[in-house]
Amino acid sequence: MTPPPLDHPDPTADPTAGPTADPTAGPTEQRVDFAGVDIAYDDRVLEPRAWTVAQSTWVAELGADAPPGPILELCSGAGHMGIVAARESGRALLQVDANPVACDFARRNAATAGVVSDVRCVEMTRATIAPGSFPLVLADPPWVRRADVGRFPEDPVEAIDGGDDGTELAAQCLTVAADALRRGGHLVLQVGDERQLAALERHPRLVAGDLRLEGTRRFERGLLAHYVRG
Ligand SMILES: C[S@@+](CC[C@H](N)C(=O)[O-])C[C@H]1O[C@@H](n2cnc3c(N)ncnc32)[C@H](O)[C@@H]1O
């Protein structure tokens with residue numbers, strides 16, 4: 001008997017079986033509305049978290065009284081937080097992330113939002129950033145303790161692993177921000193909790209008075225800390 005053409009449904013197939021996953025298929029692109037901005041991402045980067053709009057908004061608020069100049073965003077991922085802060089404050093952006101996929105999304109998302117962004121795909125300590133030139137810095141480093149990373153199987157490890165106590169990358173952000181900020185400039189840093197914040201108080205640039213903690217805002221899923229450059 002002649003077999004049916006290949007595009008026919010197979011009459012012997014189990015009708016209750018679902019579609020078979022194609023092992024060669026790439027990641028599926030997704031989109032989310034983040035404070036009115038259309039953001040594309042996939043599972044190779046951290047999924048934008050709705051509560052973090054608060055970090056963008058805080059940076060934009062601080063920008064109202066800050067001197068002109070662009071916003072520096074460290075650990076920008078798909079770029080949404082910096083993009084919203086830039087849109088709300090009418091400023092340009094410099095975004096830094098070590099993950100090339102995240103950087104591609106950040107570039108595309110900024111273009112979609114009509115925001116001017118220079119996206120640098122490099123580890124933050126190796127980014128060439130003009131010292132003392134930024135009035136505002138926003139930073140969202142990985143801050144999950146290494147021992148807890150397995151509790152978040154949906155998230156890419158490089159996006160959440162903050163080292164033994166979760167502050168390894170946050171400490172790097174403090175160093176880079178202290179160098180990049182002009183005097184009186186603002187940093188809004190995201191960490192996990194008060195314990196991490198207390199550990200960061202021993203950072204050499206805080207001890208030296210280059211940065212001082214000005215205030216915090218607590219959220220169910222994380223803590224935002226506002227530092228001022230001395
Ligand atoms: C917690 S995610 C935040 C991403 C984004 N802000 C968000 O809300 O989805 C941390 C980001 O830091 C990036 N990252 C990790 N280590 C880095 C480093 N040394 N330098 C620059 N970026 C780094 C990761 O690629 C990841 O995109």
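Side chains are part of it too, since the values below use all heavy atoms of this structure and drop only hydrogens, waters and symmetry mates. One-based numbering, in listed order, for ligands and for the atoms of each.
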Closest non-hydrogen protein atom to [atom], residue and atom name please, with distance?
| atom | answer |
| --- | --- |
| atom 1 (C) of ligand 1 | Ala159 O, 2.9 Å |
| atom 8 (O) of ligand 1 | Arg49 NH2, 2.7 Å |
| atom 20 (N) of ligand 1 | Met124 N, 2.9 Å |
| atom 19 (N) of ligand 1 | Leu169 CD1, 3.6 Å |

Options Cys75, Ala127, Pro156, Pro141, ranked by nearest heavy atom to atom 14 (N) of ligand 1, top entry =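 Among Cys75, Ala127, Pro156, Pro141, the closest heavy atom to atom 14 (N) of ligand 1 belongs to Cys75.
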inquiry  = Counting only heavy atoms, tell me which of Leu138, Asp161, Val45, Asp140 gets closest to atom 3 (C) of ligand 1.
reply    =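 The nearest heavy atom belongs to Asp140.
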Yes or no: does [X] have any heavy atom under 4.0 Å from an atom of ligand 1?
| X | answer |
| --- | --- |
| His80 | yes |
| Pro142 | yes |
| Ile160 | no |
| Asp97 | yes |

ask   = Could you state the interatomic distance from CZ (Phe134) to CG (Leu187), rounded to the nearest 0.5 Å?
value =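 If I round to the nearest 0.5 Å, the distance is 13.0 Å.
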Pair [X] + [Y]: basic N to acidic O under 4.0 Å:
| X | Y | result |
| --- | --- | --- |
| Arg49 | Asp155 | no |
| Arg205 | Asp179 | yes |
| Arg229 | Asp210 | yes |

message = Counting only heavy atoms closer than 4.0 Å, does ligand 1 sit against the backbone of Ser76, its side chain, both, or neither?
response =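 Just the backbone.
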task = Describe, in one word, how the ring planes of Phe34 and His80 are oriented to each other, choosing from parallel (under 30°), tilted (30 to 60°) and perpendicular (over 60°).
result =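 Aromatic pair Phe34/His80 classed perpendicular.
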request  = Check Ser56 against Met81 and note the closest heavy-atom contact, atom names and distance.
outcome  =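 Scanning both residues, the minimum pair turns out to be OG-O, 3.0 Å.
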ask   = Got more than 12 heavy atoms from elsewhere within 6.0 Å of CD, Glu154?
value =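 No, not enclosed.
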